[in-house]
Amino acid sequence: MTIEKSAVAGTLESSDAMVTVEPGENGVELDISSSVMNQYGRQIKQMVLETLNRLEVKSGKITVVDKGALDCTLKARVECAVYRSCGKSEKNISWGGTIR
Amino acid sequence: MINAVKRDIPDYLLKNGKEVYQGKFYMDGKYVKKASPKTRIYEKPQESKLVRSIAEALRQCEAKDGMTFSFHHHLRNGDYVADMVMKAAVEELGLKDLVVAATSLGDANNLIADYIEQGKVVGIQTSGIRGKIGEVVSKGMLKTPAVIRSHGGRPRAIEAGEVHIDIAFVAAPTSDCVGNCRGTGGKSNCGSMGYAMTDAEYADKVVVITDTLVDFPNYPASVKAIDVDAVVVVDSIGDSGKIASAAARISKNPRDLMMAENVAKVIASTPYFKDGFSFQTGVGGPSLAANLFLEKYMDERHIKMGWAIGGICGPMVELLKKGKVKKVIDVQDFDIDAVNSINQTPGHFEMSASQYANPANKGAFVNKLDFVVLAALEIDTDFNVNVLTGSDGILRGAPGGHPDTAAGSKCCIIVTPLTRGRMATVCKHVVTVTTPGDCVDVLVTDYGIAVNPLRSDLIKNLDDAGIPHVSIEFLQEKAYSLVGTPDDLQWEDKVVAILEARDGTILDVVRQIKPFKI
C-alpha cells in the first residue's frame, strides 16, 4: 500500500497509541516515543515494522506516540492509519487477509 | 557483594562497618550508642525567639558550607518551606556543598533540583524522591549517591549518628514566639507533625518557620520550645490546597473493589482477625477500599479494631467516630478529615516517626501491628517489592513506611493490579528492592492471590476458608503473557542512590540509567 496523505489513528489515552502516517519517498522513517520505552521500545519497533511490511508499505514517515499499548492495539492503530491514508478504511476491508 | 535479596552491592560502599542486607531482624539484640546534638545553653530568660527572616535565622544558627539541613514533608506538594530555606541559604548567604536530609522530596522541591544541577546541594538523604529532583539525581547530577531510607530507618540513622543534622527546619502551621509548634489552628494545617519530632530532638539547631503566630503556650505542642533556637514568621508556609487533599474517597473502580474484597477475605481468614486487632492501610485505591469490606466482616463477627496507625485519612476517622476502632495514632494526615480530627476526635493521637517505625527503638508501633495492606509498583517472584523506581529506572517513589510495616506486621498484604498499562506489576526481578520478600506475606491481584511459601500457616488459613490461591510464578507468567516479556533495563556503572534497609544495611543500589536508543 502507498501512503497517499497524512492520516492518524489512536489516542493518547493510557494503554493506547497514536499513530500518524505521512507520505514520504525515503523509505520507512520511523519515530517512536513511549512511556515504556526502556522495557518495550525494541518490541514496539519490531511490531510496527512487521505490520508495515505486511501492508507492503515501502515508504513514508511513521510517528508512534505510545502510552503503553499492547501489541494487538499497536498493530490495529498502524493498520487503521495506513488504510485511512489511502482512503480505504471505509469499506471492503480485508478482514483476516491483510488485516489480522 | 551479593546480599540476602540477591543484589550486587559494590564493595566500595561497604566501608566504616557498613554491611549488606542479611535478612530481617539481623540487628535484633545488638546495641547502639545514641548520638547527641551539641546545643546552645539558653540559661537567661528569653522573651521571644522571633527573628526577622530566614536568612537572619541561618546567620544566628551559624549556617556554613557543607552543613546538613533537615526538612519534613507534612505540607507535601504544597510545601514552600524547604525551597524558601534553601533559597535563603544559597542566594542570600552564598552557601554551598549543602546536604538536604528530608523525610520526603517531590514536586514542591524543584528549586533543590536546580541547586543539585548547580552543584550547591551535594547530598540528599530522604525517604521519598519524586518529580524533577528524582530525575536530576537519576541523571547522576548529584555529587554523592542519594541515600534512601524508610520512615523508620531515618530516625534510626539519626539516633545512631549516621545522619547528623546541623540545622532542622520545622514547617509549623502554628507556633508561639518561643517555638512550641502544632499542626493545627493555622491557615496551612497539616495535622500530625510526627516526622519532624526526631529531627528537632537530634539537630544541633532548630528553626521553626510558621505563618500563624499564636499566644504562648501553643499546647499540646508537637515540636517543643525546649528544642527550638529561632522562630521565623513568613507570609505563607504552603499552599493549603496541596497540603491536604479534599476528603479521600473510596474507589468505585470495580477492579479495585474486587481486589479490596479479596484483601478483606484474606484478613478475615487468619487467626489475627479477632477483637482488638490492629491495622494499617495505604491510601491507594484498592488499599483504602479494603476498609469498606473489612467493616462488613467486623460487623458479621461482632468484633472491633483495637487500633490503626499510619498516614491517616477520612475513612479511618469515620471508623473511629463510629466506635469501630478504639484508637488511631498517626505520623501524617492525608486529607482534610484527618487533619481536622487529630487531637479533636477522642482516641485520635499523634506519634513520632520513631515511635511509628524505628527498628532500633524498644517499642515501635509497627511491631505490634497485625495487618498492613500496601500497594506496589512492582513485586517479583521472590516477593521483593519496588516502590521507588519506575520501569524506566528513574527515581519516582517513596519507601515511606512500606518496609517497616511489612517487617513488623504479622500479615503483610500487597494489593496491586497484575498489569498497569503495559507494565507487568508482577515480574521476574523488580528494578529496585525496597521491601525485601521475606517481609511480604500475601499478594492480592485482579488475576488471583498468591501466598509467600514461607508462610505455610497463612496458606492453611486460606485453604480452610476456601479462598483460592495460585503461585506467584503463575501470576508473573500470566502478566508476561498479556504484555510481553520486558527487556532488561540498561545501566551505567555509576551508583546514583543507595537504598538502605530499615536496619541500616544496604538493600540495593540504583545506578544511572543508560539513555535508550532503538
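In what follows, every chain begins at residue 1, and chains take the letters A, B, ... in the order their sequences are listed. Worth knowing before you read on, the calculation uses all heavy atoms, side chains too, and leaves out hydrogens, waters and symmetry mates.
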Task: Heavy-atom donor-acceptor pair, A:Tyr40 side chain to B:Gly484 backbone, under 3.5 Å - done: yes

Task: Under 4.5 Å from a heavy atom of chain B, the part of A:Ile32 involved - done: side chain

Open item on the list: Side chains of A:Gln39 and B:Met423, heavy atoms from C-beta outward: is any pair under 4.5 Å?
Closed with: yes

TODO: May I ask you to check whether over 12 heavy atoms, not counting those of B:Asp488, lie within 6.0 Å of atom CG?
DONE: no

Open item on the list: Report which part of B:Leu482 has an atom under 4.5 Å of a heavy atom belonging to chain A: side chain, backbone, both, or neither.
Closed with: backbone

Task: Within residues 13-28 of chain A, residues adjacent to chain B where the heavy-atom gap is under 4.5 Å - done: A:Ser15

Task: Interatomic distance, A:Ser34 atom OG to B:Phe516 atom CZ [nearest 0.5 angstrom] - done: 8.5 Å

Open item on the list: Quick check: do B:Asp487 and A:Asn38 have side-chain heavy atoms less than 4.5 Å from each other?
Closed with: no

TODO: Give a yes or no on whether B:Lys132 atom NZ has more than 12 heavy-atom contacts from other residues, nucleotides or ligands under 6.0 Å away.
DONE: yes

- [ ] Answer yes or no: does atom NZ of B:Lys494 have more than 12 heavy-atom neighbours from other residues, nucleotides or ligands under 6.0 Å?
- [x] yes

TODO: Examine distances only and state if a side-chain atom of A:Gln43 and a backbone atom of B:Thr485 form a donor-acceptor pair shorter than 3.5 Å.
DONE: yes

Task: Interface residue of largest heavy-atom contact number with chain A, from B:Pro486, B:Gly393, B:Gly421, under 4.5 Å - done: B:Pro486

Open item on the list: When you compare the side chain of A:Leu74 with that of B:Arg422, does any pair of heavy atoms fall below 4.5 Å?
Closed with: yes

- [ ] Determine whether more than 12 heavy atoms belonging to other residues, nucleotides or ligands lie under 6.0 Å from atom NZ of B:Lys6.
- [x] no

